[in-house]
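Index from 1, following the sequence. Small disclaimer: the values here were computed from a predicted structure and weren't measured.
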Amino acid sequence: MTGILRCGRFRLTLDRPLIMGVVNVTPDSFYDGGRHVSTAAAIAHARRLVEEGADLLDLGGESSRPGSEAVSLDQELARVLPVLDGLRDLEVPISVDTTKPAVMRAALAGGAAMINDITALGAPGALEAVAASAAAVCLMHMRGEPKTMQAEPVYADVVAEVRDFLATRIAACVAAGIARERITIDPGFGFGKTVEHNLTLLRGLGAIVALGVPVLAGWSRKSSLGRITGRAAEERLASSLAAALIAVQHGARIVRVHDVAATRDVLAVLDAVQGAP
Ligand code: 7PJ
């Protein structure tokens with residue numbers, strides 16, 4: 001593990017787990033969709049997450065929740081770019097969550113320091129779009145596509161299959177000229193996986209960590225936590241914090257969360273324990 005993530009003009013040190021705060025600019029995201037639809041509201045939310053201690057932000061204009069429909073290029077650009085522009089002065093890197101090379105190029109030109117792609121730069125031109133920049137990338141594993149991905153996903157060995165996919169995508173990035181210090185990987189909890197698959201991946205996260213680039217984990221408010229606890233998305237804070245903590249204890253270096261302040265406190269306790277004499 002390099003211990004550093006290069007994100008455009010930023011260098012993130014990975015000697016402690018980092019918090020990526022989620023800023024959705026979508027009308028239909030499963031948890032906070034619709035709350036920040038206006039540009040001003042999204043900007044205000046982003047700034048509050050930074051005040052709460054977010055180390056980076058993830059800005060998304062395309063909902064990827066199970067069953068969601070694709071959004072047009074124009075629609076996605078109209079959602080993301082004004083928010084990005086309104087956050088230019090921010091002192092933390094901003095990631096843009098997109099699968100579209102045209103959005104990647106526009107976001108990178110507009111100051112994004114990272115691209116978070118649930119298809120791991122799988123679209124034609126996506127590798128090139130990131131390679132032409134100095135930005136970081138998050139390569140996520142997904143089985144299928146959001147519209148249909150939860151229809152009975154089947155794996156022989158979910159940890160090995162996710163690991164091998166991510167290893168292949170790291171190699172593709174490096175071959176395209178994206179240095180390893182710019183790459184993070186994510187097993188994609190909830191993306192074409194059953195609750196059991198998600199738990200097996202969490203338990204086996206060490207095999208993904210062993211690929212040698214920082215691992216990002218997103219459990220925040222996800223439906224697997226609802227299946228475990230019987231609670232709706234609004235009531236999944238405690239279970240989200242538990243999952244984030246377990247992910248970090250299994251080697252995740254970045255947690256993608258909606259609840260930054262609470263996650264900060266959880267990680268402070270972990271840090272205090274680990275730093276104790
Ligand atoms: C993830 C994501 C995740 C990465 C979403 C939600 C659903 N990107 N985008 N990892 N989840 N890298 O906000 O929970 O787990 S959208």
Side-chain angles (χ1 to χ4, degrees), residues 2 4-14 18-26 29 36 39 42-43 45-47 49-50 54-64 70-140 142 166 169-186 188 213-214 216 218 254 256:
T2 57
I4 203 148
L5 181 66
R6 285 163 46 200
C7 304
R9 65 189 172 92
F10 301 92
R11 287 171 78 87
L12 294 177
T13 308
L14 298 163
L18 302 182
I19 299 175
M20 170 186 262
V22 179
V23 181
N24 283 321
V25 198
T26 53
S29 284
H36 315 297
T39 299
I43 291 170
H45 184 66
R47 291 187 186 283
L49 295 185
V50 172
D55 299 293
L56 65 168
L57 296 176
D58 189 34
L59 187 61
E62 176 184 48
S63 174
S64 48
V71 30
S72 76
L73 172 61
D74 287 349
Q75 177 79 262
E76 194 177 339
L77 288 171
R79 290 173 179 175
V80 170
L81 294 181
V83 179
L84 199 53
D85 194 52
L87 294 172
R88 272 179 182 277
D89 63 318
L90 218 60
E91 66 279 19
V92 306
I94 301 178
S95 160
V96 170
D97 189 343
T98 188
T99 62
K100 297 185 182 74
V103 175
M104 293 175 192
R105 287 190 297 270
L108 292 166
M114 180 167 174
I115 297 296
N116 173 28
D117 183 358
I118 62 170
T119 64
L121 303 183
L127 282 167
E128 293 79 1
V130 173
S133 76
V137 63
C138 178
L139 305 170
M140 198 196 80
M142 171 168 59
L166 293 173
R169 297 311 297 160
I170 293 169
C173 281
V174 171
I178 303 169
R180 287 178 73 88
E181 284 192 343
R182 295 168 55 195
I183 301 172
T184 66
I185 52 175
D186 181 343
V213 299
L216 188 153
I254 305 175
R256 182 182 179 280

Worksheet item: For Arg79, does its backbone N or O pair with a side-chain atom of Thr39 as donor and acceptor, under 3.5 Å?
Response: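 Flag not set: sc Thr39 to bb Arg79 has no pair under 3.5 Å.
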Discussion item. Quick check against the 3.5 Å criterion: does Asp55 have a side-chain atom that pairs as donor or acceptor with the backbone of Ile19?
Written reply: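 Yes; judged by distance alone, with no hydrogens or angles, the pair exists.
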Using the test side chain to side chain contact (heavy atoms under 4.5 Å, CB included), find all partners of [X] that sit at least two apart in sequence or belong to another chain.
X: Arg105; answer: Pro101, Ala102, Ala129
X: Thr13; answer: Asp15
X: Ala172; answer: Leu127, Arg169
X: Val50; answer: Leu57, Leu90, Glu91, Val92

[X] [atom1] to [Y] [atom2] distance, which is reported to the nearest 0.5 Å:
X: Glu181; Y: Leu5; atom1: CD; atom2: CG; result: 8.5 Å
X: Glu62; Y: Leu73; atom1: CD; atom2: CG; result: 10.0 Å
X: Ile115; Y: Ser133; atom1: CD1; atom2: OG; result: 7.0 Å
X: Asp186; Y: Leu139; atom1: CG; atom2: CG; result: 9.5 Å
X: Leu121; Y: Glu128; atom1: CG; atom2: CD; result: 9.5 Å
X: Ile254; Y: Asn116; atom1: CD1; atom2: CG; result: 10.0 Å

Discussion item. For Arg6, give me all partners under side-chain hydrogen bond (donor to acceptor under 3.5 Å, both in side chains), at least two apart in sequence or on another chain.
Written reply: none
Practice prompt. Name all residues meeting the side-chain hydrogen bond (donor to acceptor under 3.5 Å, both in side chains) criterion together with Asp74; count only those two or more places apart in sequence or in a different chain, and write none if there are none.
Written response: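 Asp74: no side-chain hydrogen bond (donor to acceptor under 3.5 Å, both in side chains) contacts found.
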Which pair of non-hydrogen atoms, one from [X] and one from [Y], has the smallest distance, and what is that distance?
X: Leu12; Y: Cys7; value: CD1-SG, 3.8 Å
X: Leu18; Y: Leu56; value: CB-CD2, 4.4 Å
X: Ala106; Y: Leu77; value: CB-CD2, 3.7 Å
X: Ser95; Y: Asp58; value: OG-OD1, 2.8 Å
X: Pro82; Y: Ile43; value: O-CD1, 4.1 Å
X: Val83; Y: Ala42; value: CG2-CB, 3.8 Å

What I'd like to find out is whether the side chain of [X] reaches to under 4.5 Å of the side chain of [Y], using heavy atoms alone.
X: Val174; Y: Ile183; result: yes
X: Ile170; Y: Arg180; result: yes
X: Ile94; Y: Val23; result: no
X: Thr99; Y: Met142; result: no
X: Arg47; Y: Leu87; result: yes

Practice prompt. Start with the C-alpha distance between Met114 and Thr184, add both sets of side-chain angles, then the distance that settles side-chain contact (heavy atoms from CB on, under 4.5 Å), and finish with yes or no.
Written response: CA-CA 10 Å; Met114 180 167 174; Thr184 66; 3.7 Å; yes
